[in-house]
Trainee: 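This is the structure I want to talk about, given as structure tokens.
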Amino acid sequence: MTIVLNEPLSQISLLFVSAAMAFIALALVLFSLQLSKLLGQTPEERAKLSSLEKIGFIVTAVGTVVLGVGVVLRGIAAGRVPWANMYEFSISAALLILLVYLTSLKIKDVRFIATFVTGFVLVTLFAAVSLFYVEVKTLMPALQSYWLVIHVVVAILATSFFCIAAGLHIAYLVKAGKSARRLMELFPALEQLERLAYRFNVVGFVLWSFTLIAGAIWAERAWHRYWGWDTKEVWTFIIWTLYAGYLHAMATRGWNGKRAAWLGLVAFFAVIFNFTIVNMFFKGLHVYSGL
Amino acid sequence: MVSSSSFSKLLFWPRWFWRQLTSMRTALFLLLLLAIAAVPGSVYPQRSADPNGVRIFFDNNPDVAEVMDDFQLFDVYTSVWFSAIYILLFVSLVGCVVPRTKVHFEALKAQPVQTPQNLKRMPVHQEVSDQPGYLEAAFKVLKSKRYKVALQGDSVSAEKGYSRETGNLIFHFSLIGVLIAVGVGGGLSFSGQRVLVVGDSFVNNLASYDSFSPGTFFDESQLEPFSVTLDDFQVLYDLQNPNNLGQPIDFIATVTSEGKQSEVRVNYPLEAPGASIYLTGNGFAPVITVFDGEGNIAFSGPSIFLPQDSNMTSLGVIKVPDALPEQVGIIAFFYPTAQQLDSGAYTSIYPDPIDPLMTMNVYSGDLGLDEGIPKNVFALDTTDLEVVASRDGPNDPIQLRIGETVDLPNQLGKVRFDGLLRFASLDVAYNPGGIWVLFFAMLSLFSMGLSLMTPRRRIWVRRNGDGTIEFAALARSDDPRLEEVLAEIRSEIESKVGSK
């Protein structure tokens, strides 16, 4: 009945996660070098994948695989899905952000935010390893439900899409603010940045709505009510409302552009706030940080 | 007589107000305001989610709490200001969506628009050489791709993607559905909490509940008269994994209801007639007998001890108003697996009763129960009582193991620790709105997906007299594939014309 936990295996998983950090850090350096080299290039040269970028993406892909091994090993060590406390959410989120980003590269040219994505993943992994790490534990009875698989994985996936959109918002705002002008001239046009961000946010919003609904179904099973304004529920609602506001802003004259981009960033900030501050310091039923 | 012009003047401001309220800008503003208004409810304890937190907040900040309470900061989500925002938002939503629905119905019935004079101004424009039967082929291909098509003399006008607006409208209407289902369902709902010691029963009626929260339209006749007996309560803790020692693995309440035995576990409620039964808590209920100074049994039975930490150190209060010559009050601590600290105090190091120990602080005097004022059964006000035994009292606290009897100081009598039972906290809840909230929420999700994934496109094909065919396309929303789609359609038409 009791699952046998394997802490030594979890330590091996931690090694893989740390190794993944090294790969992602290297990729970040390569992408930063690439950015600094952009200035001297012609548009034709920029359109092509430079050898520096190629190496960067190969290193990112290797880092992703290594991180994937780390996440899977953590799951095996715990005998369950590897996203039941903050450390596990963080490494799973980092993995999904990388996977979503690498997949998006196949569909859209989003190379130019590689520094943001690898930087964000690196910070996430660093926080996970240094601040959030906990030994493998069994699931408390309230978490023993298949909704843990559905609700949480969709929430992390939504966060991944929001994250990439946030990178695009930052690029938009820097460009629209006319800072780093020579560099930003080499980025895609403002409208293109805005539309790309919109598309990532739209997918994220649909996924976030599903997270909210799945969470309500689970809450009805576990806590006898589908909605009770628990702190985590409140913040899920706030985030949903902010992104709904963003979608309306995009359809309102005078509110698209910079204002919508700021709104998208504020909404993503709320996602981060919900994951860190609310998880660790706010009182509520979702006390799963494990810290 | 009021002239029509002054009448319309009279309506100017209401009309203006309505236009403002139903504008997208206002919807956006209200959405953001709603997000901000929801924040304080996550910062300050709320009566609905954490009534105990509110009590503690009041104790710690009595003055500020009063003022905050006036602003309904402990009832944010039912407050006047929060309600005002979402009601305005929904009025704005209705005012925006209803006229749009009318327009959309007309658009669904109408023919595609007249082909514009100047197609070169469209975002996507192509010119090819004419062939016989080109327009007819274009008509057929567009029709087969489920465009709404009209042959307008020397041009074809086609439109597709009406479900973008259909989905958008259904999304907004389903949000109204969610709101109504939440409201009506909440009004008809109820939830009751009941603590049951193993072996005890309760019948589903108002008198049986320790606490009960009915909805506005709740009627007592809604309660089906079923009974529930707690036959057994099993708690399984981790004893295998060293780093995980004492973590709960499972809580299983075995209950009999209406002659049928079943299990209630966390996440797995029991469906009873007209309600579901949820397991929401558990703890120890030590069985204690108190003999008074005259040798009579003044108290006997299991008492609910509230867990204080993850190793189930539990706190219980025993009030013995019938004790003679003096009333006796006891604050008792129960340690399932006791270990003495260096300070001499005890703590529990494992949540299961491996080495159970109870310690008691004893008080005597008037317990204040005779005035008929309701008192919290889990608290003992010791201000007016004489301390008989406690860590810094005249006598050491009483220590008891199961089966032991110990004399109370001052000839107050004796206590006996007869045995150990467990209790389960059960929630009995019913909300008929839940299923409808889910229905409308899923409907909104699907319609949102449909709307956001459907591009709305207009395509025109015109035969010019000079032997050329003009193609043009216009997206009515963000549409990255427009050019690609037009190229596909063109090649399909050409293969059709060419094969003849």
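In what follows, chains are A, B, ... by sequence order, proteins preceding strands, each numbered from 1. None of these values were measured; they are calculated from a predicted model.
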Trainee: Heavy-atom distances under 4.5 Å only: say whether Trp240(A) touches chain B with side chain, backbone, both or neither.
Mentor: side chain
Trainee: If the plane angle is over 60° it's perpendicular, under 30° parallel, otherwise tilted; pick one for Tyr246(A) and Tyr198(A).
Mentor: tilted
Trainee: Can you tell which of Val202(A), Thr138(A), Val206(A) has the highest number of heavy-atom pairs within less than 4.5 Å of chain B?
Mentor: Thr138(A)
Trainee: Tell me, please, whether Trp262(A) has Arg259(A) positioned over its six-membered ring: NZ or CZ under 6.0 Å from the ring centre and within 45 degrees of its axis?
Mentor: no
Trainee: Name the option with the most non-hydrogen atom pairs under 4.5 Å to chain A; the candidates are Gly434(B), Pro45(B), Ser444(B), Ser42(B).
Mentor: Ser42(B)
Trainee: Heavy-atom cut-off 4.5 Å, strictly under: side chain, backbone, both or neither for Ala429(B) against chain A?
Mentor: side chain
Trainee: Heavy atoms only, distances under 4.5 angstrom: which of Leu279(B), Asn244(B), Val266(B) has the most pairs with chain A? Name it, please.
Mentor: Asn244(B)
Trainee: Return yes when atom CZ of Phe212(B) has more than 12 non-hydrogen atoms of other residues, nucleotides or ligands closer than 6.0 Å, and no otherwise.
Mentor: yes
Trainee: Checking Phe210(A) against chain B: side chain, backbone, both or neither under 4.5 Å from a heavy atom?
Mentor: both
Trainee: Could you go through the salt bridge (charged side-chain N to carboxylate O under 4.0 Å, His left out) check for Lys232(A) and Asp230(A) one step at a time?
Mentor: CA-CA 6 Å; Lys232(A) 210 63 182 285; Asp230(A) 174 57; over 6 Å; no
Trainee: For chain A, find which of Met448(B), Met442(B), Gln46(B), Met453(B) contributes the most heavy-atom pairs closer than 4.5 angstrom.
Mentor: Met448(B)
Trainee: Calculate, to the nearest 0.5 Å, the distance between atoms CG and CZ belonging to Leu157(A) and Phe162(A) respectively.
Mentor: 10.5 Å
Trainee: For Trp147(A), is it the side chain, the backbone, both, or neither that has a heavy atom closer than 4.5 Å to a heavy atom of chain B?
Mentor: neither
Trainee: So which of Ile36(B), Val428(B), Val76(B), Asp50(B) has the largest heavy-atom pair count under 4.5 angstrom toward chain A?
Mentor: Asp50(B)
Trainee: Which one of Leu5(A), Thr252(A), Val234(A) has the most heavy-atom pairs closer than 4.5 Å to chain B?
Mentor: Leu5(A)
Trainee: Looking at chain B, which one of Glu220(A), Glu135(A), Arg199(A), Met250(A) has the largest number of heavy-atom pairs inside 4.5 Å, strictly under?
Mentor: Arg199(A)
Trainee: What class does the angle between the rings of Phe82(B) and Phe237(A) fall in, given that below 30° is parallel, 30 to 60° is tilted and above 60° is perpendicular?
Mentor: tilted
Trainee: Give the C-alpha distance, both sets of side-chain angles, the deciding distance and a yes or no for salt bridge (charged side-chain N to carboxylate O under 4.0 Å, His left out) between Lys258(A) and Glu194(A).
Mentor: CA-CA 9 Å; Lys258(A) 268 200 210 174; Glu194(A) 183 175 35; over 6 Å; no
Trainee: Do Arg74(A) and Glu88(A) pass the salt bridge (charged side-chain N to carboxylate O under 4.0 Å, His left out) test, and can you show the C-alpha distance, the side-chain angles, and the key distance before you say yes or no?
Mentor: CA-CA 8 Å; Arg74(A) 174 76 184 192; Glu88(A) 295 171 4; 2.9 Å; yes
Trainee: At a heavy-atom separation under 4.5 Å, does Asp427(B) approach chain A through its side chain, its backbone, both, or neither?
Mentor: side chain
Trainee: Taking side-chain contact (heavy atoms from CB on, under 4.5 Å) as the criterion, tell me which of Ile238(A), Val278(A), Ile239(A) meets it with Phe273(A).
Mentor: Val278(A)
Trainee: Closest approach of Ala261(A) and Tyr172(A), non-hydrogen atoms and distance?
Mentor: CB-CD2, 3.9 Å
Trainee: Counting heavy-atom pairs under 4.5 Å with chain B, which one of Ala222(A), Gly228(A), Pro141(A) comes out on top?
Mentor: Pro141(A)
Trainee: For Leu212(A), is it the side chain, the backbone, both, or neither that has a heavy atom closer than 4.5 Å to a heavy atom of chain B?
Mentor: neither
Trainee: On the 0 to 90° scale, with breaks at 30° and 60°, tag the Phe200(A)-Phe161(A) ring pair as parallel, tilted or perpendicular.
Mentor: tilted
Trainee: Side chain from CB out, backbone as N, CA, C, O: work out which of these in Ala216(A) comes under 4.5 Å of a heavy atom of chain B, or both, or neither.
Mentor: neither
Trainee: Side chain from CB out, backbone as N, CA, C, O: work out which of these in Val437(B) comes under 4.5 Å of a heavy atom of chain A, or both, or neither.
Mentor: side chain
Trainee: Let me know if Val182(B) has heavy atoms under 4.5 Å from chain A in its side chain, its backbone, both or neither.
Mentor: both
Trainee: At a heavy-atom separation under 4.5 Å, does Trp255(A) approach chain B through its side chain, its backbone, both, or neither?
Mentor: side chain
Trainee: Has Asn279(A) got a side-chain atom pairing as donor or acceptor with Phe275(A)'s backbone, closer than 3.5 angstrom?
Mentor: yes
Trainee: With a 4.5 angstrom heavy-atom cut-off, is it the side chain or the backbone of Phe446(B) that approaches chain A, or both, or neither?
Mentor: neither
